[in-house]
Number of protein chains: 4
Amino acid sequence: MSLREKKAEKKKKEIIQSALSIIAEKGYHATTMEDVAAKLLMTKGSVYYYFKDKQDLLFKSQKMLLEQSIQNIEEIMSKELPIIEKLQKVMVVHIEFLITERTGFAMGARPDQFFAGDQLQEIISLRQKYSHCIDKLIAQGIESGYFNKVDTKIVRNIILGAMNYVIEWYSSDGSKDKNELAKSISDYLLRILIN
Amino acid sequence: MSLREKKAEKKKKEIIQSALSIIAEKGYHATTMEDVAAKLLMTKGSVYYYFKDKQDLLFKSQKMLLEQSIQNIEEIMSKELPIIEKLQKVMVVHIEFLITERTGFAMGARPDQFFAGDQLQEIISLRQKYSHCIDKLIAQGIESGYFNKVDTKIVRNIILGAMNYVIEWYSSDGSKDKNELAKSISDYLLRILIN
Amino acid sequence: MSLREKKAEKKKKEIIQSALSIIAEKGYHATTMEDVAAKLLMTKGSVYYYFKDKQDLLFKSQKMLLEQSIQNIEEIMSKELPIIEKLQKVMVVHIEFLITERTGFAMGARPDQFFAGDQLQEIISLRQKYSHCIDKLIAQGIESGYFNKVDTKIVRNIILGAMNYVIEWYSSDGSKDKNELAKSISDYLLRILIN
Amino acid sequence: MSLREKKAEKKKKEIIQSALSIIAEKGYHATTMEDVAAKLLMTKGSVYYYFKDKQDLLFKSQKMLLEQSIQNIEEIMSKELPIIEKLQKVMVVHIEFLITERTGFAMGARPDQFFAGDQLQEIISLRQKYSHCIDKLIAQGIESGYFNKVDTKIVRNIILGAMNYVIEWYSSDGSKDKNELAKSISDYLLRILIN
DNA sequence: AATGAATGAGTCTTCATTCAT
DNA sequence: GATGAATGAAGACTCATTCAT
């Protein structure tokens, strides 16, 4: 990749970050291209140089978020760790990532409200990839006897729901820091599976 | 209340229902006054006879949803039931209500994205009222020794998050009916509190 | 049709007339919805109340023009007239209509530059209907021995091209009035067919 | 002219050709500088090195077309040929040129829709030069008794209109080749002038 | 009470044009 | 000479809102 291309890539990421942060704050529809550009001291026109249209920007940003999440989870899964610690780590990282990025949009919102056609398929497929990782962990835990026998799908969704909800209520009070909070939540959620 | 007023009241509820269902499907910003009116075979103009503006309609609809939820929960709380059964019933009713109304908007989304000033205060206050009920149940359970000692706020939010997430993934497959699903979820969530 | 509908219909025609005259002057792409509205002392928004979008307005206006032309020609064809007079009348009316409406757009421009899909089909079909009328007249003239034997398609297109070109050069000088000019042209064109 | 200048001149012609072909296909307004450049595997910026702006490109391209046409006609006029054959040859060459270049833009469209000021004057003047050639041929034909006495201006415009219209309807079916078609048309048009 | 019509502010999007490198 | 990047003005389109009837 040439220097030029690297710069362009960097710019794209900056724009995505800008979009992400404003979408997190206002929601997708209330976010204007003007907002996204202004935050970077750019003009609307420039944003359109890097992204076909608003939908494209949304899609790419969500995709990036999901891919990052998948990378996070796969990295953990490839490690040699006891299943319980593994699942806990997955949860902690997920929650910390959410809080850091200030957006649960990618994981939380119903994708069919924002995507259609191929984009929808791709987003769904990425989400499933993520879900499957969690499912696999749960299944492994059950098989190895460390976890109670549960309905994997339901428990996975409980875990996802509980985690994604964090951004709705975190922040307001900083009695606990990010990491501590993430640990707490994961501890509680593990109780569903253990004993 | 005169007949006329009753009729007006009924019409308002119809409009709110229409708004609610479309917001659930498309999201607030993507919902137009035209949509809301068309679903009832009305014209936009008529909707404005009953509601000051779109924001007013949103506010009243969310308020209604929250008030209904609070009524649901309070009704259960006033009953003579073992604490565990009480909390479970609260959860089951919450989930069923969500699925029936097809919207977790009222409980799930960050209110400051949609409301400001007095409206925001009122919505927050209603949500807190609801949250406090759950907190109370948890506290009572702990006090009476039925529940493990936990961080009430965190566990309450785990419960809310897990429950509200249901609308994101329910429906797709009907292997379990509404009630069964609600029971399952509440059972799993109770494990956080029991043993 | 109710009074309301009649009024709406009238308004639509006014807008079409406005659009037609500006398109005739500036061309389609250079014509803005603002222009069309301003000419009628309306706002853009109002135009959109009557027409879905700019393309819709263009399509409806061209359709109206073509339908009017077809009506003109069919009226003449149904009359009891010698074939020569008939064809001449068709030409005269065509030219006068063009000059009066100040636009040869409907008949002249390549429709595939402006329409696609169903719209294109409909426009083409209307044009063909018109062309067929002329073809029929030529064919009848040949059959009855009044016209020379010619390649109908080519001669028809010569006639159409020559007539439609009038708007490009008429106006500049008013040495001849509309009707006289139309007669002249049709006389000359008839020479292709007679003797 | 230096080698450098020759190269530049060649490049300009390439760009003009590209512009011409896209304008012929889409029309002037729908043609973007991007399109013109892309067809030559250039970037927009480069085009601006050779042409001041889009208008300049349009003007130069139309001028080139007109000058070529004028050269064509003058070449024929300077030949020793019977007047009838001369006019016919003019028509045949005109039509073939049109079909080859795929654009009747230069001759057909109203120049005041695209040009103003000096550019408009120059385009009009070139067109007139062309028209005058045809007028001269007609006049000579009348004088020498080969042609009927006609209104020169009207007949010239009939001829131009009929010829320019060819690009609107040629192509679709290739029953006749370019040259044959051109001959046919010119034969028919000559009937206006002869007997 | 209801509605057809009109409005205007706000947004997305395109594209000719410029310019530093 | 060439190009990637940036810009801003223009224009299409949407939609909440108003109002006369």
Side-chain angles (χ1 to χ4, degrees), chain A residues 2-5 7-8 11-12 15 29-37 40-58, chain B residues 4 7-8 11 28-37 40-58, chain C residues 2-5 7-8 11-12 15 29-37 40-58, chain D residues 4 7-8 11 28-37 40-58:
Chain A
S2 73
L3 181 64
R4 272 264 155 82
E5 281 166 342
K7 265 194 180 170
K11 199 104 202 176
K12 277 191 191 188
I15 296 172
H29 280 108
T31 298
T32 71
M33 294 299 263
E34 188 84 50
D35 292 337
V36 174
L40 298 169
L41 304 178
M42 284 179 164
T43 58
K44 266 182 300 182
S46 301
V47 176
Y48 278 93
Y49 182 78
Y50 293 98
F51 296 91
K52 194 185 150 296
D53 55 25
K54 197 183 171 187
Q55 187 61 30
D56 183 39
L57 177 53
L58 175 72
Chain B
R4 180 158 292 171
K7 264 194 179 171
K11 201 106 200 174
Y28 173 62
H29 279 107
T31 297
T32 72
M33 294 298 264
E34 187 81 48
D35 291 337
V36 174
L40 298 169
L41 305 178
M42 284 177 166
T43 58
K44 273 188 286 186
S46 300
V47 176
Y48 277 90
Y49 182 81
Y50 295 99
F51 295 92
K52 192 182 151 294
D53 54 27
K54 196 185 173 187
Q55 187 61 32
D56 183 38
L57 176 54
L58 175 71
Chain C
S2 74
L3 182 62
R4 273 261 154 84
E5 282 167 339
K7 265 194 180 171
K11 199 106 202 175
K12 278 192 189 186
I15 296 172
H29 280 108
T31 298
T32 73
M33 292 300 262
E34 189 84 49
D35 291 338
V36 174
L40 297 169
L41 305 178
M42 284 178 163
T43 58
K44 264 185 300 184
S46 300
V47 176
Y48 278 94
Y49 181 78
Y50 293 98
F51 295 91
K52 195 184 150 294
D53 54 27
K54 196 184 171 186
Q55 188 60 31
D56 183 38
L57 177 53
L58 175 71
Chain D
R4 181 158 292 172
K7 264 194 179 173
K11 201 107 201 173
Y28 172 63
H29 280 107
T31 297
T32 72
M33 293 300 263
E34 188 82 48
D35 291 337
V36 174
L40 298 169
L41 305 178
M42 287 178 164
T43 58
K44 272 188 290 186
S46 301
V47 176
Y48 277 90
Y49 181 79
Y50 295 98
F51 295 91
K52 192 184 150 292
D53 54 25
K54 196 186 173 187
Q55 188 61 32
D56 183 39
L57 177 53
L58 175 72

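Labels below follow one simple rule: chain letters A, B, ... track the order of the sequence lines, proteins then strands, and each chain is numbered from 1.
Between A:Tyr50 atom OH and E:dT13 atom C1' there is a gap of 18 Å when expressed in whole angstrom units. Separating the CE atom of B:Met42 from the P atom of F:dT17 is a distance of 17 Å, rounded to the nearest angstrom. Computed from coordinates, the A:Lys54 NZ to F:dT14 C1' distance equals 12 Å when rounded to whole Å. Remark: C1' of E:dT14 and CE of C:Met33 are 17 Å apart, rounded to the nearest angstrom. Protein atom CZ of B:Phe51 is 21 Å distant from nucleotide atom P of F:dC15, rounded to whole Å. Taking atom CD of B:Gln55 as the reference point, atom P of F:dC15 lies 17 Å away to the nearest angstrom. In this entry the distance linking CG of D:Asp35 with C1' of E:dT14 reads 12 Å, nearest Å. If you take CD of D:Glu34 and P of E:dA16, they are 9 Å apart, rounded to a whole angstrom.
For B:Thr32, the side-chain atoms get nearest to F:dC15 when compared with the rest of F:dA12, F:dC15, F:dT7. When distances run from any side-chain atom of A:Arg4 to the nucleotides F:dG4, F:dG1, E:dC12, the shortest one goes to F:dG4. Out of F:dA16, F:dA6, E:dA16, the shortest distance to the side chain of D:Tyr48 is found at E:dA16. Taking only side-chain atoms of D:Lys44, from C-beta outward, the nucleotide of F:dC13, F:dA6, F:dG8 with the closest atom is F:dA6. Minimum atom distance to the side chain of B:Asp53 is reached by F:dT17, of the listed E:dA1, F:dT17, F:dT7. Residue D:Thr43 has its side chain nearest to F:dG4 when only F:dG1, F:dG4, E:dG4 are considered. Closest to the C:Tyr49 side chain, of the nucleotides F:dG1, F:dA12, E:dA6, is E:dA6.
For the residue pair B:Lys54 and B:His29, the shortest heavy atom distance occurs at NZ-O, 3.9 Å. Nearest heavy-atom pair, C:Ile15 versus C:Leu40, reported as atom, atom and distance to 0.1 Å: CA-CD1, 3.6 Å. The two residues D:Lys44 and D:Met33 have their closest heavy-atom pair at CG-C, 4.0 Å. The heavy-atom pair separating C:Tyr50 from C:Lys12 by the smallest distance is O-CE, 3.7 Å.
Remark: C:Thr32 OG1 to C:Asp35 CG distance equals 3.0 Å, nearest 0.5 Å. Atoms CG and OH, on D:Leu57 and D:Tyr28 in that order, are 8.0 Å from each other to the nearest 0.5 Å.
Heavy-atom nearest nucleotides on DNA chain E were determined for C:Leu41 and for D:His29, and the one closer to the 5' end corresponds to C:Leu41. Residues A:Lys7 and B:Thr31 each lie close to DNA chain F; by heavy-atom proximity, the contact nearer the 5' end of the strand is made by A:Lys7. Each of C:Gly45 and B:Lys11 has a nearest nucleotide on DNA chain E; the 5'-most of these lies closest to B:Lys11.
Under the Watson-Crick or G-U wobble criterion, with both distances below 3.5 Å, F:dA12 is paired with E:dT11. E:dA20 is paired with F:dT3 under the Watson-Crick or G-U wobble criterion, all donor-acceptor distances under 3.5 Å.
Here C:Ser46 does not reach the OP1 or OP2 of E:dA5: none of its side-chain N or O atoms lies under 4.0 Å away.
The residue A:Ala8 sits close only to the backbone: its heavy atoms come under 4.0 Å of sugar-phosphate atoms, none of a base.
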